[in-house]
Structures are given as C-alpha cells and as structure tokens.
2 protein chains.
Amino acid sequence: MQSTRSAKLDPKQRLDEILVKLRNLSFRITPQRVAILRIFLNSQDHPSVEQVYAQVKADFPSTSLATVYKTVSLLKEVGEILEIGFADGSNRYDGNKPYPHPHLICTRCKRIMDSDIDLVDQIANELEQTSGYRIVSHQIEFFGICPACQK
Amino acid sequence: MQSTRSAKLDPKQRLDEILVKLRNLSFRITPQRVAILRIFLNSQDHPSVEQVYAQVKADFPSTSLATVYKTVSLLKEVGEILEIGFADGSNRYDGNKPYPHPHLICTRCKRIMDSDIDLVDQIANELEQTSGYRIVSHQIEFFGICPACQK
DNA sequence: ATACATGCAAAACATTTGCATAAGA
DNA sequence: TCTTATGCAAATGTTTTGCATGTAT
C-alpha cells in the first residue's frame, strides 16, 4: 500500500520537482512534455487523454495524440499521475493526487470528486488478513449524483 | 446503495429464476442466451467476454461473438451480472454476485477473488454526508499478489 | 405470422506500434 | 554528435452497429 504522500505543493513547485525527477531518470525535457505536465497539474477536474490533447494543441498545435499517450504512459510509470479506469474504456487521469484514493463520480454530469478516507487502509489490512493477498494498490469509485445535479 | 442481495441459490434455481424474469420482460429465451447464462452461473472465476465466447462455442459452435456481447449487455441491464472494468479495456464479469462488492485481483496470475466487507456501506454513508453526493453504486478493487503467487 | 434475436461483416473507439525525421543532451 | 522523442500512419484489441436471415412466441 502506498503511504508516502508528498505534502501539498503548489503546481509550480511540483512541476520543477517532476522535471528534476525526469531528468535524473534520463528522460528528456521536451516542450510537449512540459506542456502536458502543466495541464495535468493545473486541472482540477480529471481530464481524459482526448481532453489533454485538445488543450496542448491550443498552445502547441503540432502535438500529436500519440505523443500525449506516450507522455501519459511515462507519467504513469514514474508515478506522477494516477489512472482512473472505466469499464467503457474512457480513462481519466488525476495529476494532483497521483496515489490511489477514492473517487466520487457523478453519473449525470461526469464530474469526479476526490476524497480521502482513512478507513481504506483499515479495509486493506483486514483483507490482507482474511484473504492472504499482499495488497499493493487499489481503485475505489463511488457512483452517484452530485449536489448540483440533484437540484 | 443496493441492499437487496438475494439469498444464495444453487445455479439451477437461479437459472430458472432469471429465465422467468427475462420472459416477464418480454425477452426471448434462445438457446444461446441460456448457454451463456449457464456459463456465467457456473463460473467461479470472473470470465471475460472472450472466455465466455470460447466456452459457448464448445456447445454451440455457430454462436457469434456479437451475440455474446449483446447477451452480456442484456444481462447487465437486467442486473444479473456485474461488470468489472479495467483500465486496459479487458472487462470481466461476475455472474454469481451481481451486486457491487469489493474484488481482490492478483496482478500476477489475474485471478479475481470476491470479498464482502461491511465497512463499505459505512464508507458510502460517510461520503454521502461529507460530499453531498447521493451514492448509488460503487466499484472497489484491490490489487496485489494472491497467496499462490507469493510462493 | 410477426416481432425479435442471430450471425456476419463493417464500423467505431481507444490505444499501441513502427519508422523516418526532428531535436534535446 | 548521438541518442531519444516526435509525428504520422498503420495496426491492434475491444466493443458496437446495420442488415439480411432465422427463429421464439
């Protein structure tokens, strides 16, 4: 279970931090990567690849969708964004809290809200005891209607 | 939050129950549908569409993949199987406990184990209070290494 | 008899890959 | 300079759809 959650940094600090990390891992710092990273760090919602692509193209019209996919894959691997998978194959990404945590998803407007709940670690522990699995990660999603859509 | 969990029936009883339900909803009972349903009810693992397809073809060689997809979609809609979605678009299905419940997934051998945990309803309640969402459903997956794969 | 389900092939998506060219280090 | 990243197009894998034919009711 992932336990080291970096203290909340402002996006600019975090951007620099990640760029240093990438450089140390001998990945190159390209304008496309910086632009995509910036979009993730500044998104309060949880954008899809397609949404990120649309945004990068605004600043950087030549960027290809393949590059967005490759960058997303890279950022996933180095643990700087979290993938939120959906059954219908419309994945979304969380660049602000890249560790597993529960999400609340409005089935009407598709808004995704973050949520931290301590009980999750308790459940994971309980499951390790009863099942014998060594639990490494999780994906927890609650579906419902958000306050705005209830009105 | 779904709360009516039918008492555990043996597969034969449950098959009849579902066939009556489908008939009442004016869906037709075809040999393909019965065969696919049987496979779901007898599977202890959580088969993918492709795996179900392979099994139906053994008994019923003319069955098409499209029919399997359509039947899966139907059974999802009437609430008799549960879809377990994965980020890589390799969905699997639970025909024995078609209500939301946590799964333990071995990332090595891909085995999926069921698990019932009372705390889930508590968490859902807590989230409803703090977020204002009306929670309707959930999807909870824990990833790790199963006992067999740890050796 | 008639509406609905099947099976086939084509289409629709999301994502990945191969490769020539461009550009960080 | 030398290796890695980009961008394009083609390939992949999963799921959906249109339509003629078959079949449950």
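Chain letters run A, B, ... following the sequence lines, proteins first, then strands; residues in each count from 1.
B:Asn91 has a side-chain polar atom (N or O) that falls below the 4.0 Å cut-off from OP1 or OP2 of D:dT15. Look at A:Ser64 and you won't find any side-chain N or O under 4.0 angstrom from OP1 or OP2 of D:dT6. Distances shown here put a side-chain N or O of B:Gln32 below 4.0 Å from the OP1 or OP2 atom of C:dG7.
Separating the CZ atom of B:Arg92 from the C1' atom of D:dT15 is a distance of 18 Å, rounded to the nearest angstrom. For the pair B:Arg23 CZ and C:dC4 C1', the computed distance is 15 Å after rounding to whole Å. Straight-line distance from the CD atom of B:Gln51 to the P atom of D:dT14: 11 Å, rounded to whole Å. The distance between atom CZ of A:Arg33 and atom C1' of C:dG24, rounded to the nearest whole Å, is 10 Å. D:dT4 atom P lies 15 Å from atom CG of A:Leu22, rounded to whole Å. When the C1' atom of D:dG13 is taken as reference, atom OH of B:Tyr53 falls 15 Å away, rounded to whole Å. For the pair B:Lys57 NZ and C:dT6 P, the interatomic distance rounds to 16 Å; values are reported in whole Å. The OH atom of B:Tyr69 sits 16 Å away from the P atom of C:dC13 (whole-angstrom rounding).
Contact of A:Arg28 with D:dT4 (side chain to base): a donor-acceptor pair of N or O atoms is detected under 3.5 Å.
In terms of position on DNA chain D, the residue among B:Ile29 and B:Val49 whose nearest nucleotide sits closer to the 5' end is B:Val49. Residue A:Glu50 is the one, among A:Glu50 and A:Lys70, whose nearest nucleotide of DNA chain C lies closer to the 5' end (criterion: closest heavy atom). Each of A:Thr30 and B:Ala66 has a nearest nucleotide on DNA chain D; the 5'-most of these lies closest to A:Thr30.
For B:Ser43 (side chain) and B:His46 (main-chain N/O), no donor-acceptor pair under 3.5 Å exists by modelled atom type. B:Glu141 contributes no side-chain N or O that, together with a main-chain N or O of B:Leu104, makes up a donor-acceptor pair within less than 3.5 Å.
No engagement by A:Ser73 is indicated, since no non-hydrogen atom pair under 4.0 Å with the nucleic acid exists. Within the nucleic acid shown, A:Ser90 has no heavy atom closer than 4.0 Å to any nucleic acid atom. The residue B:Pro31 sits close only to the backbone: its heavy atoms come under 4.0 Å of sugar-phosphate atoms, none of a base. A:Thr63 comes within 4.0 angstrom of the backbone, heavy atoms only, and of no base.
Atoms NZ and CD1, on B:Lys151 and B:Ile145 in that order, are 13.5 Å from each other to the nearest 0.5 Å. To the nearest 0.5 Å, atom OH of residue A:Tyr133 and atom CD of residue B:Gln150 are 10.0 Å apart. A distance of 5.5 Å separates CD in B:Glu50 from CG in B:Leu65, rounded to the nearest 0.5 Å.
One finds no salt bridge joining A:Arg92 and A:Glu83 here, because no Lys/Arg side-chain nitrogen approaches an Asp/Glu carboxylate oxygen to under 4.0 Å.
Paired with B:Pro47 under the rule side-chain contact (heavy atoms from CB on, under 4.5 Å), one option of B:Asp94, B:Ile112, B:Val52, B:Ile81 passes, and it is B:Val52.
Defining each end axis of the helix from C:dA1-D:dT25 to C:dA25-D:dT1 as the rotation carrying four pairs' C1' atoms onto the next four, with five pairs an end, the two axes are found to diverge by 40° to 10 degrees.
Taking the ring centroids of A:His138 and A:His101, they lie at or beyond the 6.0 Å cut-off.
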